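For reference, the structure is listed below as structure tokens.
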Amino acid sequence: MNRCLCLILSCIILLPLLTGCWDRQELNELGIMLGLGVDKDGDMIKVSAQVVVPNEVSSKAGGGKGTPVTQYEASATTLFEAIQKLTETSPRKIFLAHIRVLVFGEEYARKEGIYDVIEALMREPTARPDYYVMVAKNTTASMLLNVLTPLDNTPAEKMFNSLDISSKTWSPTTTVTGDELLEFMISPGIQPVITGVEILGPRGQSGSKENISTIRSPARLNTTGLSVFKKDKLIGWLTEDESKGYNYIRDNVESTVSHMPCRKKGNVTFKALRTTTKRKAEVVNGKPVINIDVKNVSSIAAVECGIKIGSMKVLKELEADSEERLIELMQNSVNSVKRKFHVDIFGFGQEVYHADPKFFKNIENEWDNYFDELDIKYKVNVQIKRVGTMDDSFRNEMKE
């Protein structure tokens with residue numbers, strides 16, 4: 001009797017766990033969105049959804065006759081109203097779980113601000129926050145997502161991969177995900193920075209297969225510079241060198257290539273192998289002071305002047321010149337941001353808070369004024385570990 005009762009109770013407990021996926025969604029009923037664009041449309045928000053065309057990306061289905069993605073657009077008062085409104089033209093429900101890039105049009109980012117969109121996506125349980133956020137420079141997000149690209153069939157995948165690789169191998173670019181961006185916007189002592197993307201070349205056939213039918217695509221997507229935000233609104237752009245300085249300060253540089261003029265005529269090209277940056281704040285006589293310490297290990301990639309890089313004296317000179325160059329990059333970036341934007345994008349305020357929370361709380365509302373007058377001390381140590389597969393250049397030995 002007891003054994004029978006136990007069996008019945010076990011069945012009662014286990015049955016609710018065997019009911020299957022109550023909220024399942026069939027793949028053939030979903031439109032997989034890889035790229036989401038947000039633009040301004042009068043008083044409304046315009047959404048552009050780059051959706052995969054399954055038959056065109058599947059080798060079994062014999063794809064290749066049409067474009068690998070299609071784009072749906074809709075405008076409404078709020079983000080998710082616009083996304084739901086996409087079903088007026090899309091035969092499938094738009095699925096948000098695989099978004100790779102979120103692109104804001106420059107006009108929308110300047111006039112409306114991006115916070116409401118980021119918060120809405122963070123609240124949505126089906127949208128993962130690991131997508132990269134970008135700003136469409138001098139164009140709309142809709143136009144940007146409409147450019148077909150070679151190598152990667154889907155433009156959104158191309159933008160994600162291109163920015164991911166570029167941020168690891170080229171110092172002027174950096175990545176920011178949705179959750180990181182929200183943290184930047186709500187944290188005191190730092191303002192957001194987002195990489196920009198622009199369209200190069202004619203845009204007439206950018207969305208057709210003709211754009212990828214030649215060796216050199218007429219219209220191309222190019223990551224370009226960093227956009228500066230105050231709270232959630234775009235206020236300007238950094239140049240390439242200013243972007244480099246920003247990334248060195250923020251410890252975003254993994255590897256990069258740069259050149260430096262020789263003390264004689266010509267240039268020396270360096271490849272950064274490892275770079276680490278430490279920032280530390282202290283309060284001295286009631287004023288915050290920031291200490292930046294950069295350690296860089298590089299190799300020599302090319303020599304375009306007649307220096308003898310096999311000499312330890314020459315290598316020491318190159319290290320000293322490279323240290324001065326890095327300090328100049330960081331100083332120019334900070335001074336430019338102070339002069340043009342008056343906002344702390346470097347996170348110096350956060351370092352002051354960590355050093356003296358009580359002091360920062362007292363000046364938090366006036367931090368932008370403190371930032372303009374902030375005393376920053378730079379320390380750089382460059383070590384050249386490799387000179388390539390040969391020592392001195394043969395330039396001076398070439399026959400006339």
Side-chain angles (χ1 to χ4, degrees), residues 167-168 170-174 189-191 193 226 238-263 267-301 309 312-339 341 343-357 359-360 363 367 370-387:
S167 67
K168 296 174 182 177
W170 184 235
S171 56
T173 60
T174 189
I190 190 170
Q191 299 292 343
V193 166
L226 301 177
L238 299 181
T239 65
E240 183 175 287
D241 280 348
E242 291 166 357
S243 300
K244 289 180 181 180
Y246 166 84
N247 281 324
Y248 273 107
I249 292 173
R250 289 292 300 166
D251 195 24
N252 292 334
V253 178
E254 292 187 31
S255 176
T256 191
V257 175
S258 59
H259 76 275
M260 183 184 65
C262 295
R263 295 190 178 185
N267 297 302
V268 177
T269 303
F270 295 91
K271 181 177 181 181
L273 304 176
R274 295 187 303 277
T275 303
T276 57
T277 302
K278 294 183 179 180
R279 303 178 304 276
K280 187 177 181 180
E282 56 183 342
V283 179
V284 180
N285 297 326
K287 293 184 179 181
V289 177
I290 304 295
N291 297 286
I292 298 175
D293 186 1
V294 179
K295 288 183 171 58
N296 173 275
V297 177
S298 295
S299 65
I300 294 179
I309 59 173
M312 286 302 299
K313 178 183 177 182
V314 172
L315 288 179
K316 291 298 181 183
E317 290 176 351
L318 289 175
E319 289 175 346
D321 292 345
S322 184
E323 289 169 357
E324 291 180 8
R325 170 61 176 157
L326 286 180
I327 290 175
E328 182 183 7
L329 269 178
M330 293 186 288
Q331 283 179 331
N332 289 344
S333 181
V334 172
N335 293 338
S336 178
V337 171
K338 285 181 177 181
R339 183 178 66 256
F341 306 123
V343 294
D344 180 8
I345 62 174
F346 305 97
F348 294 146
Q350 291 184 327
E351 302 301 328
V352 174
Y353 173 76
H354 294 152
D356 194 333
F359 173 80
F360 183 78
I363 66 168
W367 175 245
Y370 275 84
F371 171 70
D372 287 342
E373 304 297 329
L374 193 59
D375 182 16
I376 304 172
K377 301 183 185 301
Y378 302 90
K379 179 182 177 182
V380 176
N381 178 260
V382 173
Q383 296 181 359
I384 298 176
K385 292 293 188 181
R386 304 173 190 170
V387 295

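These figures come from a predicted structure and were not determined experimentally.
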Practice task
Say whether, by atom type as modelled, one donor and one acceptor occur between the side chain of Asp321 and the main chain of Cys262 under 3.5 angstrom.
Solution key: no
Exercise for the section: Output the distance between atom CD (Glu242) and atom CD (Glu240), rounded to the nearest 0.5 Å. Expected result: 11.0 Å
Practice task
Look only at the side chain of Glu319 and the backbone of Ile384, and say whether a donor-acceptor pair between them is shorter than 3.5 Å.
Solution key: yes
Handout entry: Check against side chain to side chain contact (heavy atoms under 4.5 Å, CB included), Phe341 and Leu238
Key = CA-CA 10 Å; Phe341 306 123; Leu238 299 181; 3.9 Å; yes
Exercise for the section: Of all the heavy-atom pairs spanning Glu323 and Asn381, show the shortest one and how long it is. Expected result: OE2-CA, 3.5 Å
Handout entry: Centroid separation Phe360 to Trp367 less than 6.0 Å
Key = yes
Practice task
Kindly say whether Ala272 contributes a backbone atom to a donor-acceptor pair with the side chain of Ser255 at under 3.5 angstrom?
Solution key: yes
Exercise for the section: Find the distance between CG (Leu273) and OG1 (Thr256) and round it off to the nearest 0.5 Å. Expected result: 11.5 Å
Handout entry: From CA spacing to verdict: side chain to side chain contact (heavy atoms under 4.5 Å, CB included), Lys316, Lys313
Key = CA-CA 5 Å; Lys316 291 298 181 183; Lys313 178 183 177 182; 5.8 Å; no
Exercise for the section: Could you walk me through whether Arg250 and Ile345 pass the side chain to side chain contact (heavy atoms under 4.5 Å, CB included) test, one step at a time? Expected result: CA-CA 9 Å; Arg250 289 292 300 166; Ile345 62 174; over 6 Å; no
Handout entry: From Met330 atom CE to Ile249 atom CD1, the distance as rounded to the nearest 0.5 Å
Key = 6.0 Å
Handout entry: Euclidean distance, Arg274 CZ relative to Gln383 CD, rounded to 0.5 Å
Key = 8.5 Å
Problem - Closest approach of Val253 to Tyr248 (non-hydrogen atoms, all atoms of both residues) - result: CG2-N, 3.8 Å
Handout entry: Asp251 side-chain N/O to Thr277 backbone N/O, donor-acceptor pair under 3.5 Å
Key = yes
Practice task
Please answer whether the main-chain N or O of Gly349 pairs with a side-chain N or O of Asp344 as donor and acceptor at a distance below 3.5 Å.
Solution key: yes
Handout entry: Check: Leu318 and Met260 side chains under 4.5 Å, non-hydrogen atoms
Key = yes
Tabulate below the donor-acceptor pairs under 3.5 Å that side-chain atoms of residues 282-297 make, not counting sequence neighbours, or state none.
{"from": "Glu282", "atom 1": "OE2", "to": "Asn291", "atom 2": "ND2", "distance (Å)": "3.3"}
{"from": "Asp293", "atom 1": "OD2", "to": "Lys295", "atom 2": "NZ", "distance (Å)": "3.2"}
{"from": "Asn296", "atom 1": "OD1", "to": "Ser298", "atom 2": "OG", "distance (Å)": "2.5"}
{"from": "Asn296", "atom 1": "ND2", "to": "Thr275", "atom 2": "OG1", "distance (Å)": "2.9"}

Practice task
Please indicate whether Lys338 has more than 12 foreign heavy atoms, meaning atoms of other residues, nucleotides or ligands, lying under 6.0 Å from its NZ.
Solution key: yes
Exercise for the section: List the steps, then state whether side chain to side chain contact (heavy atoms under 4.5 Å, CB included) holds for Gln191 with Val337. Expected result: CA-CA 12 Å; Gln191 299 292 343; Val337 171; over 6 Å; no
Handout entry: Ile300 versus Leu315, closest heavy-atom pair with distance
Key = CD1-CD2, 4.0 Å
Practice task
Taking the side chain as every heavy atom from C-beta outward, state whether Leu326 and Tyr378 have any atom pair closer than 4.5 Å.
Solution key: no
Fill in the blank from the handout: Interatomic distance, CZ@Arg279 vs CZ@Phe346, rounded to 0.5 Å, equals 10.5 Å
Exercise for the section: For residues Gln350 and Ile190, report the shortest heavy-atom separation together with the two atoms involved. Expected result: NE2-CG2, 3.4 Å
Handout entry: Distance, nearest 0.5 Å, that separates OG of Ser336 from OH of Tyr246
Key = 14.0 Å
